[in-house]
K.L.:
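One structure, as structure tokens, below. Some questions next.
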Amino acid sequence: DIQMTQSPSVLSASVGDRVTLNCKASQNINKYLNWYQQKLGEAPKLLIYNTNNLQTGIPSRFSGSGSGTDFTLTISSLQPEDFATYFCFQHNSWPGTFGGGTKLELK
Amino acid sequence: VQLVESGGGLVQPGKSLKLSCSASGFTFSSYGMHWIRQAPGKGLDWVAYISSSSGTVYADAVKGRFTISRDNAKNTLYLQLNSLKSEDTAIYYCARGYSGDYWGQGVMVTVSS
């Protein structure tokens, strides 16, 4: 199975900061990497699909990049509602696998 | 788009449970569907996927114990959980499509004696 490793596990930042979250696959997953945001007590929400495609309704301050094994989610200017946990998910090959998550917290 | 899970609850180890995910607001038969779970305080764990043509794939941890199925006439996705273990305790979510673009609110399954 493909292992997905997210870093850092916790990121402290301030409103207005530019932040980058990382996701590394144990083998090539081409472009098949999604990013989800989860707030406490809520279901996850799709932000980015297939590495760099912004899901409908998601603000343009979110962007994704990468290929092969290394991927990033960037938030260009943090807003108060962005403090949450972020998960990456590979669907290049079954079984699909999630990263362990990055908790973005207020500094 | 709305996805509503049901059927969760408290069940003893070794017993069975059947979860449902009722879909509305889109053409259910045209989409593959996932089940994904999350143990309390933990990360996300992909469980199973069924394609629009009813092809299925499972995580190793549930293969042979869980069965994903769908009834397009009822716009409903199912997950049959057999031989339940304590480590199956989690919130179970259904999600639409290969990319999981919409998720239900989840249903809690607790496996305990």
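This structure is a prediction, so every number in the text was calculated from the model and none was measured. All chains are named by letter (A, B, ...) in the order of the sequence lines, taking the proteins before the strands, and each is independently numbered beginning at 1.
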K.L.:
If you link I, L, V, M, F, W and Y whenever their side-chain heavy atoms are under 4.5 Å apart, who else ends up in the same group as A:Val10?
P.N.:
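A:Val10 clusters with nothing; isolated.
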
K.L.:
May I ask whether A:Val15 and A:Leu11 are part of the same hydrophobic cluster, defined by side-chain heavy atoms of I, L, V, M, F, W, Y residues being less than 4.5 angstrom apart, directly or through others?
P.N.:
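Yes: a chain of side-chain contacts under 4.5 Å links A:Val15 to A:Leu11.
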
K.L.:
Extract the chain B to chain A donor-acceptor pairs under 3.5 Å, no hydrogen or angle test applied.
P.N.:
unit_1: B:Gln38; atom_1: OE1; unit_2: A:Gln38; atom_2: NE2; d: 2.8
unit_1: B:Gln38; atom_1: NE2; unit_2: A:Gln38; atom_2: OE1; d: 2.9
unit_1: B:Tyr98; atom_1: OH; unit_2: A:His91; atom_2: O; d: 3.0
unit_1: B:Ser99; atom_1: O; unit_2: A:Asn34; atom_2: ND2; d: 3.1
unit_1: B:Ser99; atom_1: O; unit_2: A:Tyr36; atom_2: OH; d: 2.5

K.L.:
So, for A:Ala43 and B:Gly104, which heavy atoms are closest and what is the spacing to 0.1 Å?
P.N.:
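Smallest interatomic distance, heavy atoms only, reads CB-O, 3.2 Å.
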
K.L.:
For residues 5-104 of chain A, which residue pairs qualify under disulfide bond (SG atoms under 2.5 Å apart), counting only residues two or more places apart or in two chains?
P.N.:
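Output for this query lists A:Cys23-A:Cys88.
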
K.L.:
Scan the side chains in residues 9-22 of chain B for donor-acceptor partners under 3.5 Å anywhere in the protein, sequence neighbours excluded, and list what turns up.
P.N.:
unit_1: B:Ser16; atom_1: OG; unit_2: B:Asn82; atom_2: OD1; d: 2.9

K.L.:
Taking A:Leu73 as the starting point, is it possible to reach A:Val19 by hopping between hydrophobic residues whose side chains are less than 4.5 Å apart?
P.N.:
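Yes, it is one cluster - the side chains of A:Val19 and A:Leu73 are joined through contacts under 4.5 Å.
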
K.L.:
B:Tyr78, B:Ile50: one ILVMFWY side-chain cluster at the under-4.5 Å cut-off?
P.N.:
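Each belongs to a different hydrophobic cluster.
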
K.L.:
Can B:Ile91 be reached from B:Val47 by stepping across I, L, V, M, F, W or Y side chains whose heavy atoms are under 4.5 Å apart?
P.N.:
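No, because B:Val47 and B:Ile91 fall into different hydrophobic clusters, even though each may have its own neighbours under 4.5 Å.
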
K.L.:
What do the steps show when you test B:Ile36 against A:Phe89 for side chain to side chain contact (heavy atoms under 4.5 Å, CB included), and what is the final call?
P.N.:
CA-CA 11 Å; B:Ile36 295 153; A:Phe89 174 68; 5.8 Å; no

K.L.:
Tell me, out of A:Gly41, A:Pro44, A:Gly100, A:Gly101, who's got the most heavy-atom pairs with chain B below 4.5 Å.
P.N.:
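Of A:Gly41, A:Pro44, A:Gly100, A:Gly101, A:Pro44 has the most heavy-atom pairs under 4.5 Å with chain B.
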
